[in-house]
Amino acid sequence: MKRKCFALAFALSLVSQAAIAETITLGTGDSLPFAAVGAGDLPSGVLGDVSMSLLKDMGFEAKASPLPFARLYSSVHSGEIDGAVGVLRTENRATQALYSDPILTEYNILAVKKGAAFNFMALAELKDKRIGGRRGFAYPGLEAAGVSVEPANDDVNNIKKVIAGRLDAAIISSIAYLSQLDQSELRDEVELLPLAVGEVPIGIALADEKFSEGDIVSFNGKLAEFKSSEDYAAVLAKYGISDYVKTWPVAN
């Protein structure tokens with residue numbers, strides 16, 4: 001009788017382990033500290049680490065698949081991959097996959113030449129300013145307010161234009177680039193304006209061929225709990241962005 005009980009318990013254990021070990025594929029770009037493919041093809045970066053941890057609690061083992069950012073959306077919308085890390089929810093995209101609440105929120109902030117700061121309360125007040133941004137990036141709030149953005153290939157080029165007086169301000173990311181700027185010799189030559197000109201909530205998307213509405217509700221519930229924990233703080237510290245993950249007031 002004991003042998004039968006042991007055999008049954010062992011069989012149930014194997015079933016449980018098999019369920020927990022179900023592997024899913026998460027598409028990810030190469031954009032640390034946010035997301036990348038880490039050792040052993042595991043998701044890395046803040047978004048990768050958090051997603052992998054929460055999905056494990058839901059019974060999935062996440063493996064990362066490198067993809068160009070331009071292919072992340074089409075791949076998860078078609079079900080080619082099970083999920084995509086580092087994506088932005090829009091109303092249209094939300095009809096094609098299950099988008100999570102933000103794991104991180106980036107803000108578009110303005111860097112100006114030191115001593116040349118100016119005040120503004122509304123985005124429309126920037127119409128007469130020369131504002132530099134990143135080529136290929138969208139700034140919908142500024143566009144809606146009628147503000148033109150001069151494109152450049154990288155943030156460093158824009159900052160140098162600000163210092164040279166060729167731009168009134170450069171739009172930079174409050175996490176990805178500000179953390180780099182703070183380590184640069186250019187930091188002492190610019191200052192930051194207190195109002196952001198946009199926000200970019202970043203999370204993951206799960207393919208609805210694989211996951212249900214209940215799954216994304218479960219993920220979001222675990223995410224809210226995780227973000228208030230010491231584990232989340234540890235992930236931010238691991239990637240060196242603890243001081244940069246904060247809420248900026250956003251101009252309308």
Side-chain angles (χ1 to χ4, degrees), residues 31-34 45-47 50 86-90 101-203 223-224 227-228 232-233 235-252:
S31 57
L32 289 176
F34 300 115
V46 173
L47 304 175
V50 172
V87 290
L88 170 63
R89 181 189 185 278
T90 65
D101 292 338
I103 296 174
L104 280 176
T105 298
E106 274 244 90
Y107 293 87
N108 294 323
I109 59 177
L110 295 180
V112 301
K113 186 175 182 178
K114 196 163 189 177
F118 53 85
N119 295 319
F120 73 100
M121 295 301 295
L123 296 179
E125 295 175 40
L126 299 173
K127 285 182 181 180
D128 296 328
K129 299 294 185 182
R130 294 167 299 170
I131 309 292
R134 286 283 299 277
R135 180 170 283 108
F137 282 45
Y139 306 101
L142 290 171
E143 181 179 343
V147 180
S148 297
V149 177
E150 300 179 24
N153 290 330
D154 58 67
D155 293 300
V156 175
N157 191 23
N158 273 333
I159 291 295
K160 288 181 176 179
K161 287 181 180 180
V162 165
I163 295 169
R166 293 162 55 196
L167 289 173
D168 294 308
I171 305 169
I172 65 172
S173 57
S174 64
I175 299 175
Y177 184 63
L178 181 54
S179 60
Q180 297 176 36
L181 180 62
D182 277 348
Q183 304 303 315
S184 165
E185 60 184 11
L186 299 176
R187 183 64 179 91
D188 291 337
E189 300 187 58
V190 297
E191 56 184 295
L192 306 176
L193 300 188
L195 291 182
V197 296
E199 58 184 305
V200 185
I202 314 169
L223 174 59
K227 288 177 71 172
S228 64
Y232 184 64
V235 173
L236 300 182
K238 175 182 175 182
Y239 292 99
I241 60 172
S242 299
D243 293 338
Y244 300 94
V245 178
K246 63 179 185 178
T247 301
W248 286 73
V250 181
N252 296 316

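All residue numbers in this chain count up from 1 along the given sequence.
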If only atom types and distance count, is the side chain of E189 paired as donor or acceptor with the main-chain N or O of L186 below 3.5 Å? no
Check whether any side-chain heavy atom of V156 sits under 4.5 Å from a side-chain heavy atom of I159, and report yes or no. no
Hey, does the side chain of Y239 reach the backbone of G45 with a donor-acceptor pair shorter than 3.5 angstrom? yes
CG (L104) and CD1 (I241) are apart, to the nearest 0.5 Å, by 5.0 Å
Over all heavy atoms of both residues, which pair between P102 and T105 is shortest? Give the atoms and the distance, please. CB-OG1, 3.7 Å
So which atom in V250 and which in G198 form the shortest heavy-atom distance, rounded to 0.1 Å? CG1-N, 3.9 Å
Residues V46, F34; criterion side chain to side chain contact (heavy atoms under 4.5 Å, CB included); working and verdict: CA-CA 5 Å; V46 173; F34 300 115; 5.8 Å; no
Would a 4.5 Å heavy-atom cut-off, applied to side chains only, mark Y232 and L223 as touching? no
Run the side chain to side chain contact (heavy atoms under 4.5 Å, CB included) check on I202 and L47 step by step: do they pass? CA-CA 8 Å; I202 314 169; L47 304 175; 3.6 Å; yes
For P194 against P249, the heavy-atom pair lying closest together: O-CG, 3.6 Å
Rounded to the nearest 0.5 Å, the CD1 atom of I172 sits from the CG atom of L178 at a distance of 5.0 Å
Please list every donor-acceptor pair under 3.5 Å in which a side-chain atom of residues 131-143 meets a protein atom from a residue at least two apart or in another chain.
from	atom 1	to	atom 2	distance (Å)
R134	NE	N153	O	3.4
R134	NH1	D155	OD2	3.0
R135	NH1	N153	OD1	2.5
Y139	OH	R134	N	2.9

Minimum heavy-atom separation for N158 to A170, with atom names? CB-CB, 3.8 Å
Rounded to the nearest 0.5 Å, how far does CD of E199 lie from CD1 of I109? 13.5 Å
Are K113 and V190 side-chain neighbours, meaning at least one heavy-atom pair lies under 4.5 Å? no
Taking all heavy atoms of E106 and all of S173, pick out the closest pair and write down the distance. OE2-CB, 3.2 Å
For K227, is the NZ atom crowded, meaning more than 12 foreign heavy atoms sit under 6.0 Å from it? yes
For residues V197 and F120, determine if any side-chain heavy atom of one lies less than 4.5 Å from a side-chain heavy atom of the other. yes
The reported gap from CZ in R187 to NZ in K114 (rounded to nearest 0.5 angstrom) is 8.0 Å
For Y244 and S174, run side chain to side chain contact (heavy atoms under 4.5 Å, CB included): C-alpha distance rounded to whole Å, both residues' side-chain angles, the deciding distance at 0.1 Å, then the answer. CA-CA 7 Å; Y244 300 94; S174 64; over 6 Å; no
Check whether R130 reaches the backbone of G165 with its side chain - one donor and one acceptor, N or O, closer than 3.5 Å. yes
Any side-chain heavy atom of L126 within less than 4.5 Å of one from L110? yes
Are any of the side-chain heavy atoms of L123 and N252 separated by less than 4.5 Å? no
Looking at side-chain heavy atoms only, is the closest gap between L88 and P201 below 4.5 Å? yes
Apply side chain to side chain contact (heavy atoms under 4.5 Å, CB included) to residues D182 and Y177 and explain how you reach the verdict. CA-CA 9 Å; D182 277 348; Y177 184 63; over 6 Å; no
Is any side-chain heavy atom of V200 closer than 4.5 Å to one of Y107? no
Residues A251 and L195: closest non-hydrogen pair is CB-CD1, 4.1 Å
